[in-house]
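Counting starts at 1 for both ligands and their atoms, following the listed order.
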Amino acid sequence: MTAPFAWLRPWEAPEVTSWGRLPMCAVDRRHQAVCLDGEWRFQLLPSPEAAATDEWGSSYVPGAWTLQDTDDPPQYTNVQMPFPEFPPHVPAANPTGVYERAVDVPGEWAGRRIVLQVGAAESVLLVQVDGRPVGISKDSHLAAEFDLTDVVRAGARAVVRLTVVKWSDASHIEDQDQWWHGGITRSVLLYATDPLHLADVTVQARRSGELRVDCQVRGPLPEGWYVTGDLDGQLLAQDTEFDRANAEDERVSEFLGEARLLARVPDVRAWTAETPELYGLTVRLHRPDGTVADTSYHRVGFRDVEIVGRDLLINGERVFIRGVNRHDFHPLTGRTVSYDDMRADLVLLKRFGFNAIRTAHYPNDPALYDLADELGFYVVDEADIESHDHAHEIADDPRYLNAFVDRVSRMVLRDKNHPSVIIWSLGNESDYGANHDAAAGWVRRHDPTRPVQYEGAAKRGWADPEVASDIACPMYAPIEECVAHALSGKQTKPLIQCEYSHAMGNSNGTLADHWAAIEATPGLQGGFIWEFWDHGILQRVSDGRPAGRAGAGLYERGVAGPGHRWAYGGDFGEVPHDGAFIADGVVFPDRTPKPVLYEHREIAAPVRLECLRHEGPVIANHQHFRGLDWLTAEWQLSLADGRTLTAPAELPELRPGETAAVPLPFELPEGGGEAWLTLKVMTARDEPWAPRGTVVCLPQVRLRATPVQRTLPVADRTVEVDADGLLVHPLLIAAPTLSLWRAPTDNDELGGMADRWREWGLDAPVRKLVAVRRAGASVGVLAEYVCDAGVVRHEQVFTAVEGGIRVEESAQLPETLNDVARVGSVFETVAGLNLLEWFGPGPWESYPDRSAGAPVGHHALPVDELFTPYLRPQESGGRHGVRHFTLSAPDATGLAVELGRPSQISVTRYRAADLAAAAHHDELVPRAGCVVHIDAAHRGLGTASCGPDTSPAYLVPTGTHRWGWILRVL
Ligand code: GAL
Ligand code: MG
């Protein structure tokens with residue numbers, strides 16, 4: 001019941017950002033609070049104007065009601081708002097959750113100041129205590145605090161009612177690309193302080209070792225009260241000059257109690273993402289008798305952020321930003337995330353070479369920043385502002401001015417002491433207007449120690465001097481454009497893409513090319529991959545409801561368990577929705593890594609094998625701040641003939657940027673064909689994010705290129721083909737035919753390729769046998785594949801050779817089929833061949849434009865583990881550059897294939913058509929045998945679902961393709 005607020009209708013009043021809400025500060029009260037999390041009485045009203053009834057259910061706090069068995073399910077939209085009303089208006093049907101519970105206020109809080117903190121509520125929070133209105137707040141991703149001192153009594157029971165209105169004027173500036181939820185999504189706390197307390201503490205710690213701590217007590221400091229601080233036990237000095245200046249300025253000393261503490265730490269251990277050195281700061285407010293009235297704890301990292309010319313420098317170094325965009329997300333609880341979950345996210349990112357996070361697109365849970373300080377990440381902290389659907393109307397709308405400044409300033413006030421936060425972001429996709437400049441102005445005055453960024457502030461190009469961005473931070477800019485800008489002579493700001501390499505489905509093609517350009521081009525410093533999570537919600541198939549908290553343990557290795565699936569847009573019957581666009585992360589909804597992460601790990605490798613000199617391989621330290629002493633390594637030599645040799649490796653002492661040639665660790669054996677040298681680099685000791693022995697990277701160089709040429713003697717047999725010219729073979733239930741198509745990836749669909757392929761009829765060409773010719777041990781089969789857009793002539797020559805069949809193929813692609821998915825052979829095996837062993841890049845999935853992270857070697861995986869279960873079924877499971885493979889049963893029978901040259905292959909349980917016909921994995925029925933593809937050419941993956949397609953070099957050209965392979969029976 002919102003009666004006390006009804007006359008105000010704060011849900012349609014953008015000018016009202018809050019009422020009764022305390023200022024934000026960096027004093028963390030979590031450790032001294034009573035936690036009010038748990039089951040609350042709950043009812044969901046159809047609108048904020050509806051009256052609450054006596055019929056209470058319950059709802060778990062923190063949590064979204066949309067995930068707790070209510071009739072208001074989650075809804076996914078990207079750009080479009082879920083309703084047609086223009087800002088600041090919202091639909092009359094406006095789910096409103098009423099949460100209520102009794103709170104016993106501790107008796108020992110008598111005489112103290114009592115504060116209620118609501119961690120986050122979506123999107124308007126109305127607070128009542130014992131029926132009295134206490135406050136209003138907006139901003140779904142920041143805490144709201146209310147002073148209850150005059151409303152509750154220590155030792156007595158109070159009834160707290162939190163009414164949360166789902167749709168509001170604020171929804172129009174919270175139009176981020178994610179699920180819409182309603183609820184209280186972060187913890188609710190109650191705490192007490194002395195009436196005179198530390199209202200804020202601002203820490204500035206420089207790489208020089210200089211420390212400045214500004215402490216605020218709201219209200220004048222009474223005679224005799226004072227503030228002290230210590231850094232790991234070392235007392236800080238009072239800044240007497242500051243005290244004197246304040247004393248002289250009566251207005252200041254009358255109004256505020258302020259104190260400044262100083263220190264200069266000799267030989268300070270500087271904070272960087274590589275060396276997250278933290279010191280412990282305690283600030284105390286003392287009464288005249290010396291007793292402590294209030295304490296505030298902080299972890300301090302000494303570091304500098306500055307922009308010099310077009311470089312962003314951390315402690316004077318131009319660092320590469322290997323970033324990812326991260327939402328607060330969990331497949332069961334939505335935006336409610338636990339400390340352990342956040343830690344697991346960051347640990348995983350660390351293990352895969354990331355050093356930066358953009359908190360897309362709102363201030364994340366406060367614990368995330370503690371973890372980033374501790375584990376070592378550079379953070380772009382982003383304000384909760386995205387008005388994507390109505391960007392143009394809102395950026396200059398004075399009714400929203402307060403909201404912009406309020407959201408940005410509250411974020412800065414909350415997070416300013418985190419060394420991990422290196423840049424403030426004014427939000428996302430909200431056009432550009434005066435409201436942004438107002439917010440930027442506030443930040444620049446309040447925190448001159450960090451740059452500000454906003455992608456939209458580049459209306460006149462990346463060199464635009466607009467006040468709202470110190471960084472050129474475009475999204476999805478093609479590599480060539482970034483390089484051209486850096487070489488243009490016109491670059492004025494560091495170029496760090498706020499989003500790039502869209503990870504939707506089977507994606508992130510050309511990531512390595514991107515990084516080759518970044519590392520080679522001064523002015524380019526990296527970017528943030530879009531994005532960390534696939535936001536699939538675990539859904540019960542039986543009734544279509546979210547599994548919610550009860551779904552724990554019902555998924556594994558990226559796959560939803562029996563009777564469940566990963567829901568994406570539309571799966572809850574929502575209208576409108578934006579489908580699978582919500583599944584665009586580098587991890588599955590259960591945090592299982594996607595293959596792209598291995599690619600990223602190698603691209604980010606701190607140790608590289610640069611090249612081969614006469615003396616041996618050259619090792620390089622590619623870090624910015626530390627040596628290699630935290631790492632250990634081992635050499636591996638992989639020979640095409642099946643041998644893998646290992647030898648201990650000693651990493652040289654190298655400062656960042658240095659290289660050293662080391663002796664070749666092996667005598668290269670005669671024979672054995674192609675040879676690859678790998679340096680397996682691991683953590684030398686336990687790191688906070690990885691136990692000792694965790695693989696950090698696998699740099700590799702090729703020592704010998706010559707593949708062994710096998711020319712098998714022709715056998716005295718014939719090869720059998722049937723009346724259709726199809727190979728007859730005891731292990732194949734479908735003979736090799738020509739394949740030009742793949743189950744469209746999300747990039748293929750959204751980039752328009754899939755439609756074109758369907759128009760061309762690539763998915764189902766009609767095969768017509770033209771001729772069968774026999775000559776000795778060979779049979780030649782000529783066929784035509786008739787597509788709607790042209791005819792492909794396909795020739796196969798099967799020759800019986802000793803121990804098997806040699807297959808030589810060619811396909812002639814007409815000019816009309818100038819961008820097909822693949823050219824190659826596809827066949828199906830009998831059941832029971834369940835193990836793939838191969839020599840080539842691996843073991844994880846790789847494609848022509850995403851294979852830099854897969855070292856060449858001997859790999860083996862069960863067929864069922866080769867397939868990657870991207871949320872919407874699509875082409876997956878490919879292995880690039882395979883030289884030879886076997887597919888075998890447990891008794892070692894099966895087949896072996898030797899490829900004429902390194903080829904893209906895939907071995908799965910699904911035909912391309914099976915995958916293309918399914919919207920979710922629970923619809924797929926695995927085949928008993930294997931579907932095997934051998935491709936002479938396979939189109940790159942690119943990132944066209946949002947951003948550039950693959951480079952022309954990875955397209956399948958027209959003209960004649962030739963390929964050959966030998967099929968043997970084991
Ligand atoms: C960007 C946007 C992100 C997300 C992404 C596509 O334009 O900032 O929020 O929508 O595209 O997945
Ligand atoms: Mg958007």
*Asks:* Starting from atom 8 (O) of ligand 1, locate the nearest protein heavy atom and write down its residue, its atom name and how far away it is, to 0.1 Å.
*Replies:*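 Ranked first by proximity to atom 8 (O) of ligand 1 is Glu499 OE2, 2.6 Å.
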*Asks:* Nearest heavy atom to atom 9 (O) of ligand 1 wins, so pick from His361, Gln176, Met475.
*Replies:*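 Shortest heavy-atom distance from atom 9 (O) of ligand 1: His361.
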*Asks:* For Asn428, take its heavy atoms, then give the atoms of ligand 1 lying under 4.0 Å from any of them.
*Replies:* 2 (C), 8 (O), 9 (O)
*Asks:* What protein heavy atom is closest to atom 5 (C) of ligand 1, reported as residue, atom name and distance in Å?
*Replies:* Tyr476 OH, 3.3 Å
*Asks:* Tell me, which N, O or S atom in His388 is closest to the Mg ion (ligand 2)?
*Replies:*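 Result: ND1.
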*Asks:* Provide, to 0.1 Å, the distance between atom 12 (O) of ligand 1 and the closest protein heavy atom, together with that atom's residue and name.
*Replies:*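 In this structure, atom 12 (O) of ligand 1 has His502 NE2, 2.7 Å as its nearest protein heavy atom.
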*Asks:* Lys594 vs Glu845, test: salt bridge (Lys or Arg N to Asp or Glu O under 4.0 Å). Steps then yes/no.
*Replies:* CA-CA 9 Å; Lys594 291 189 182 171; Glu845 182 190 272; over 6 Å; no
*Asks:* Under 4.0 Å, heavy atoms only, figure out whether ligand 1 is touched by the backbone of Met504, its side chain, both or neither.
*Replies:*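 Looking at Met504 and ligand 1, no heavy atom falls under 4.0 Å.
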*Asks:* Which atom, among the N/O/S set of Glu386, is closest to the Mg ion (ligand 2)?
*Replies:*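 Nearest N/O/S atom: OE2.
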*Asks:* Side-chain contact test, heavy atoms from C-beta onward, threshold under 4.5 Å: evaluate it for Phe572 versus Ile537 and give yes or no.
*Replies:* yes
*Asks:* With heavy-atom distances below 4.0 Å as the criterion, list the atoms of ligand 1 near Asn78.
*Replies:*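 Going through ligand 1 atom by atom, the ones under 4.0 Å from Asn78 are 10 (O).
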*Asks:* For the residue pair Arg322 and Trp515, would you count it as a cation-pi contact if the rule is NZ or CZ under 6.0 angstrom from the ring centre and within 45 degrees of the ring axis?
*Replies:* yes
*Asks:* Could you confirm whether Asp175 has any N/O/S atom lying under 2.8 Å from the Mg ion (ligand 2)?
*Replies:*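 Asp175 does not place any N, O or S atom closer than 2.8 Å to the Mg ion (ligand 2).
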*Asks:* Please determine whether salt bridge (Lys or Arg N to Asp or Glu O under 4.0 Å) holds for the pair Arg450 and Asp381, giving the CA-CA distance in whole Å, both sets of side-chain angles, and the decisive distance to 0.1 Å.
*Replies:* CA-CA 11 Å; Arg450 292 178 178 91; Asp381 201 4; over 6 Å; no
*Asks:* With backbone taken as N, CA, C and O and side chain as the heavy atoms from C-beta onward, which portion of Glu429 lies under 4.0 Å from ligand 1: side chain, backbone, both, or neither?
*Replies:*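 For Glu429, only side-chain atoms sit under 4.0 Å from ligand 1.
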*Asks:* Looking at Glu174, His181, Gln176, which hits side chain to side chain donor-acceptor pair (under 3.5 Å) with Ser140?
*Replies:* Glu174
*Asks:* For the ring pair Tyr598 and Phe352, is the centre-to-centre distance below 6.0 Å?
*Replies:*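 Ring-ring flag for Tyr598/Phe352: true, centres closer than 6.0 Å.
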*Asks:* Less than 4.5 Å apart, side chain to side chain, heavy atoms only: is that true for Lys459 and Glu466?
*Replies:* no
*Asks:* Indicate, as side chain, backbone, both or neither, the part of Asn325 found under 4.0 angstrom from ligand 1 when only non-hydrogen atoms are considered.
*Replies:*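 No part of Asn325 is near ligand 1 at this cut-off.
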*Asks:* Taking the side chain from Thr336 and the backbone from Gly334, do they hold a donor-acceptor pair closer than 3.5 Å?
*Replies:* no
*Asks:* Under 4.0 Å from any heavy atom of Phe581, which atoms of ligand 1 are there?
*Replies:* 6 (C), 12 (O)
*Asks:* Is the closest side-chain heavy-atom distance between Gln497 and Cys482 below 4.5 Å?
*Replies:* yes
*Asks:* If you look at Glu429, which of its N/O/S atoms is nearest to the Mg ion (ligand 2)?
*Replies:* OE1
*Asks:* What protein heavy atom lies closest to atom 10 (O) of ligand 1? Include the residue and the distance to one decimal.
*Replies:*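 For this ligand atom, the closest protein heavy atom is Asp177 OD2, 2.5 Å.
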*Asks:* Taking the six-membered ring for Trp, are the ring centroids of His390 and Phe86 within less than 6.0 Å of each other?
*Replies:*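 They qualify: ring centres under 6.0 Å apart.
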